[in-house]
Structure formats: structure tokens, C-alpha cells
Amino acid sequence: MLDLAFVRSPLPHASIIAINTNVARKAPEVVAVYTAEDLNIPAHHSFMAVSEACARPPLAVGKVRFVGDIVAAVVATSRAAASDAAELVEVDYDPLPVVVDPEDALAPGAPAQFDELGTNLAAGIRSAPDDDPLADAEVVVRARIENQRVAVVPMEGNAIVVLPGAPGDAHELTAYVSAQNGARMAGADGQVVRPLAPQSIRVIAPHVDGGFGGKAGIVAEHSIAITAALTLGQPLKWVETRSENLIGMPHGRAQVQYVELELRQIGYDVAVALTNATPVGAFRGAGRPEASALLERIMDMAAVTLDLDPAEIRRRNFLGPEQFPYQTVVGTRYDSGNYAVALDEALRLADYPALGAEQARRRAAGSRTSLGIGLASYVEITAGGGAREWGSVTVHPDGTATASVGTSGHGQGHPTSFAMLVSDKLGIPLESRPRATAKTPTPGGNRRQSSPHCRSEAAARSWRLSTSSNRIRQLRLKRYLYRAQSLDPACRTGNLRCRCGDPTNDVRQVTMGASRPTPRHVRLTRSLLSSVRTPDWLSQ
Amino acid sequence: MTDAADEHRITVTVNGEPHAVEVEPRLLLVHLLREGLRLTGTHIGCDTTNCGACTVLYDGTPVKSCTMLAVQADGHEITTVEGLGSLSELDPVQEGFTIEHGLQCGFCTPGMMLTAKALITNNPNPSEEDVRWGLSGNLCRCTGYQNIVKAVLWAAAKQHGHVAETNGQGTTVSGRT
């Protein structure tokens, strides 16, 4: 299989005067050397566009904007040859003034990253200008908080294998990729690689060894690899080095936060600045940790200002149970909650007064080992945004089951979680090892916070009966299952599992009995269930 | 950029099996293992000796195979994760990682286990601190290390037939078969 290597910019900001690929093209084992004009890949975003005007050309056009920006791509018959030849590409740069700090980037006269934009402000939002939330404030707490830039660094870096389809193949393109969201990649490929319809693209994300937000979209390296493979009509792979990962994979955090808190209202003013550092993307919580850090910090500062205990200032400012549903100033709607109860229970479990006493004791004794006590109150969005998901469960005649969902596990224990869920729904003991198999043909993809909820719901809803099978078997199955449910009063609606101990109610018996005269696989159907609910342990 | 004249003929014993191979002088041991011998259980995490994902045993000593040339392994014995145990008979280290849930994504796990194997072979009854020090050349991005340490203590107990002790949650199992 062919290997791909990149020529990356060593400069953070520079005009490209010339790129000479002649020597590289003639190097041993080299198949092709591409620059932007050879492949003509449209500028695209990774997975969330802050500003449509700031799409990144996968191969740099005219100038480079960060160390690691890609200038050329080399395809060779071995990785070593591709890497060797990449060093033979000569690029003539004319350095431009650099700005790496987001505050500096917004200062007048800062070097513009996108000349046509005329500013480094990619996007921004602020509360209504005539609405001064601090107008009659008695106490205002202000802070400037830096939430530093971090590299995402999954233990396994990016990697992609692109297999162009042969004439007559079901797919024009198959890509094996270490991605959190194969489905989104497939959709993005369809847009980036214009001639391909999404249904002609198959993206397979096998077991992925760490994502942490950095593998959430289609990056420049992906679109170059795909386009190069399609152009050559040959399979091709790219495996990122750690050095490439540190400069190429979108970074996390990198925020400077200014906060003004008046204890009844909060105003907001958000700016996203363009700099000559590696682009910033999702990382472990994707914005929520940064927002939480800001809120918790400013509340702690307010507690000090008002001489209140950090727990007490939080308790006083929680929404009360009677205030729900509640819409915040930024438009987020909270459906329900009783946060004081959760806080009090956390304080009880941690023995907060004892911790406070120990902290005071150490301070009084001048101990070299201080005790820090941090409080944070946070509500997680699960399966936000009306996420959709695909799933199927196939029950085999031997009583085992295979579950497929539109997400791949990369360390969260998804196969175990989904297997437990399937086990719970079907009554097949976990010891039988029903497997949750990851495929990624459809929506979803993996965000840790939403996967267990959304994907397990998909798995749970996917008792689909194959429509081609004979009706008698379906009816027999239904009869067994309804009987099973009616016999067991503890059986919840939609839960096929029966706990009454009668072996005829065990779904394995049902499927094995029903499948005796039948094809190899019996698909249980959602129509057998009047409804499927999120299991209690997930919805709590 | 090579021709046959540049190739060196070496013999390396990997997981007990001798292999006579011709390699480029610059070929790294990890690439010989993964691409030459198709033993892909050894992972490449950093290319820079930092992360330890590529750790293998070199005559019983853990080495980072991304920082060793294949020719340096000529005449030596290499153990990779494939040689640690089998599906039917796990090594105590593999068993410990299973029981104590010593992994999440699993990418660092082969290197962790081989480092652990050497550690508990040389130190049959390590303390938690011994384990933490012994594993300090292996990085994990998911777990926070707690369960990895427990897994190694569990494996030491199993391999050497004693009861392990931890400073942690007290869940460590005695080392009976």
C-alpha cells in the first residue's frame, strides 16, 4: 500500500513564494508529489465552523498560518521513502509578522490571518448593548482567567487508510480511520471530495485508541489522503507521527476569559481570535470545562469578597426546584433540577466540616502540606441537540446476540455498556458475551457524554424484525414474548426480560424454539415492544 | 533510498521463535516487529522514547523498541505482548489488568504489561511506590494510573503467591490461582 507524508511549514506565518517539487518527484519509490494546485481540494472546516470565512485550505494556498500547516504531500511506495522525499521539497517562504496570543491578535494593527476578513475576530457575541447588567450593581467581582492551550494527544495519533472502490464496487471510497465520528467524516468527505455522493462513501472507525475531542472531524490530512488516493486510484495510508500530532491535531482550551459578576445578573462578551498557533478544536468536554472553570472561579472570588463560605454562595445562587423549567440569559433551557440536595449530599459524603477543620489546623500549624478544597457544581448535557443514532441487535439461534451501533468505543467501555444493556433487555446473561460491535454507517459518532445515552437507546430500540421472513414465525415470537410478559408482573413494559424463573420465558428459549424451522438469524422487532424506555440506571 | 547492498542479515528470536531477516540499517526494532513480523500488538505512541507504548522485553529487560535499531537485536531475544500469554492461558499480568480494569482505550497496555512483567519478575513483592516508579516510563492518557497500579500489584501477588497490599481502596485480591 502507498504511504503518504506531508511537508509542513516550519514558520508560523509566511507567504509562499515558490514550491519546488522536482527533486522530490524523481526520488526513489516516489509516486506523486502534490501541492494545492494539483489536488484543488476546497477549503473546509474540521467539524464546527466558527466562521464560514475562515475555512482552511488543506494544502496551503499563498501562505502558511501556523507551524505544521501543510504545504505539500508526498506519496511513495514506503513510509521511509515518502518521508525522505518530503525533505527534498524546497519551499521558499517570506516570513510575515506573527501573532500567537489571542488578545494581541485583536489589538489594532495585528497581522491579519485572513486578509480578506480585515480582522482577526472570527466570531463574537455579546449581550444587548443597551442592557448594562452592572448598571446598579452593589458588588461586582472581576477576573481575567487564562485557560491555557493544551495538546489533545490521544495515545494513538491520527491514522487513515483509503481504499478507492473498483468499478462495480458498492462504494467508490472506503476509509478506515481512527475517528470519533465516522459518520460525520463520511458526510464531510462527501462535501470535501465533491464528486462523491455520501452513500458511495463508507467510513469504518474500528476500535479507536483515544479521541479526547481531537478526532471529531475531517482534518486537512484526511481530505488530502482521500483525494490523493482517488486521484491515483490506489490504496494509500497515512499514519501520523507524534511530532505531527502535537502541531497538527487541533489543540484544546486556549481561552482568555474576562468575567464581571454582579450577584444578580451576568453579561457576556465572547470573541474568537485568529492567531498563528495551531487551530483550536474540541478537547475533553469541548468548552464546558472552560465555562465551568470560569463560573466556579468567579463564584469563589465572590465568596471571598462577600465573606461567604464557598458552599453557601453556591447554595444561595442555585436555581430552586420551583424555578424550572428555566431559560438562562444565553437561551439554554433547563428542564428540572434540585441542585441544593446534590450539593448537600456531596458535602455530607466528603465530610466538608471535617475537611475545613483539617485545612484550618494545617494553616495554624504552618504545615508545609496545604489542603485545598474545591467545589464545583455542574449539570451535564446528555444526548443534546436531538442527536440521532442507528443500531441493530441480531439474536442468533444459539441464543447469543450481536449488537451494532453507530459509534466506536475508544476507552469508555462502550462494548461492555451496550452488552449489559442488551443483556438486560433480552435476558441473555452477560456471561454469554453478547457483543457490541462498532460500525459507523450513520449519524452519531462518539462524544463520551452522549454515547451511553444515545447509542444505548438506539441499541435498545433496534429490535427490528426482518420483514422478509415469514409471518408465522413473527406471530409465534410475539406470542411467546407477550406470554412471557404477561406471566411476569415485574416485567416492565417493553422489557423482554422475565425474572420469574420459568425457562420458557427466557428469550433464548423463545428464539431457539422459534428459529427451529427458520433461517439462521432471528431479528426481534421493535413492534414486539409497546415502547422502549431508557433504562433507569441511565436516566437517573 | 536503499538497495540490497545496504541490507543487513540478522537473526532475532521473538517470543521464542528465531527469525532470520534482512533489514535496512536504519530500520527501527518496532518497525521490524510490526511490519516485518506482523506483530502489531506493539504500539507506536510517540517515536521519541517518551510514552513507552512500544516497550518490549530485550533479553528480559524492558526497552522502548522505537528507539532501538533492529540490527541491535541481532542474536537477542525479544518478547512482545503476543508472547506474554495466550487467550487460553493469560499471564498473571494480563489477568491482573483484566480483573483490576487496568485499561480504558488499551493503546498503552501492551507496553505497560511488559514493563510490569519485568518489574514483578525482578521484584516479587513490590510496594505501590515501587510500581509507580517502575511504570514511570509508560504513559497512559485515559486511566489516571490508579487501576494500572492495582493491576500490577495483583499480578505480583498472583505470580508469587502472596497477598498484595495497596494504599488505595483495598480491593486487591489475594494471589491464589
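Residue numbers start from 1 in every chain, and the chains themselves are labelled A, B, ... in the order their sequence lines are given, proteins ahead of strands.
Smallest separation of non-hydrogen atoms from Gly157(A) and Asn245(A): CA-ND2, 4.2 Å. Contact detail for Ala5(A) and Ala86(A): the closest heavy-atom pair is CB-CB, 4.5 Å. Shown here for Ala82(A) and Ala76(A), the closest heavy-atom pair between the two residues is N-CB, 3.5 Å.
Look at Lys215(A) and Glu156(A) and you find a salt bridge, because one of the NZ, NE, NH1 or NH2 atoms lies within 4.0 Å of a carboxylate O, short of that distance. A salt bridge links Arg288(A) to Glu380(A): one of the charged nitrogens lies within less than 4.0 Å of a carboxylate oxygen.
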Walk me through it: do Ile204(A) and Thr174(A) pass the test side chain to side chain contact (heavy atoms under 4.5 Å, CB included)? CA-CA 8 Å; Ile204(A) 298 166; Thr174(A) 299; 4.1 Å; yes
Could you check Phe212(A) against Met249(A) for side chain to side chain contact (heavy atoms under 4.5 Å, CB included), going step by step and ending with a plain yes or no? CA-CA 11 Å; Phe212(A) 307 121; Met249(A) 181 174 275; over 6 Å; no
Give the C-alpha distance, both sets of side-chain angles, the deciding distance and a yes or no for side chain to side chain contact (heavy atoms under 4.5 Å, CB included) between His222(A) and Val177(A). CA-CA 9 Å; His222(A) 292 146; Val177(A) 58; 3.5 Å; yes
When you look at Gln159(B) and Thr121(B), which way does the side chain to side chain contact (heavy atoms under 4.5 Å, CB included) test go after all the steps? CA-CA 9 Å; Gln159(B) 182 162 320; Thr121(B) 300; 3.7 Å; yes
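Contact annotation for Val152(A): only backbone heavy atoms (N, CA, C, O) come within less than 4.5 Å of a heavy atom of chain B.
Of the possible donor and acceptor atoms, one in the side chain of Arg79(A) sits under 3.5 Å from a partner among the backbone N and O of Val239(A).
Below 4.5 Å, heavy atoms of chain A meet heavy atoms from Gly106(B), Phe107(B), Cys108(B), all part of residues 106-114 of chain B. Residue-level contacts of residues 78-97 of chain B with chain A do not occur; threshold 4.5 Å between heavy atoms.
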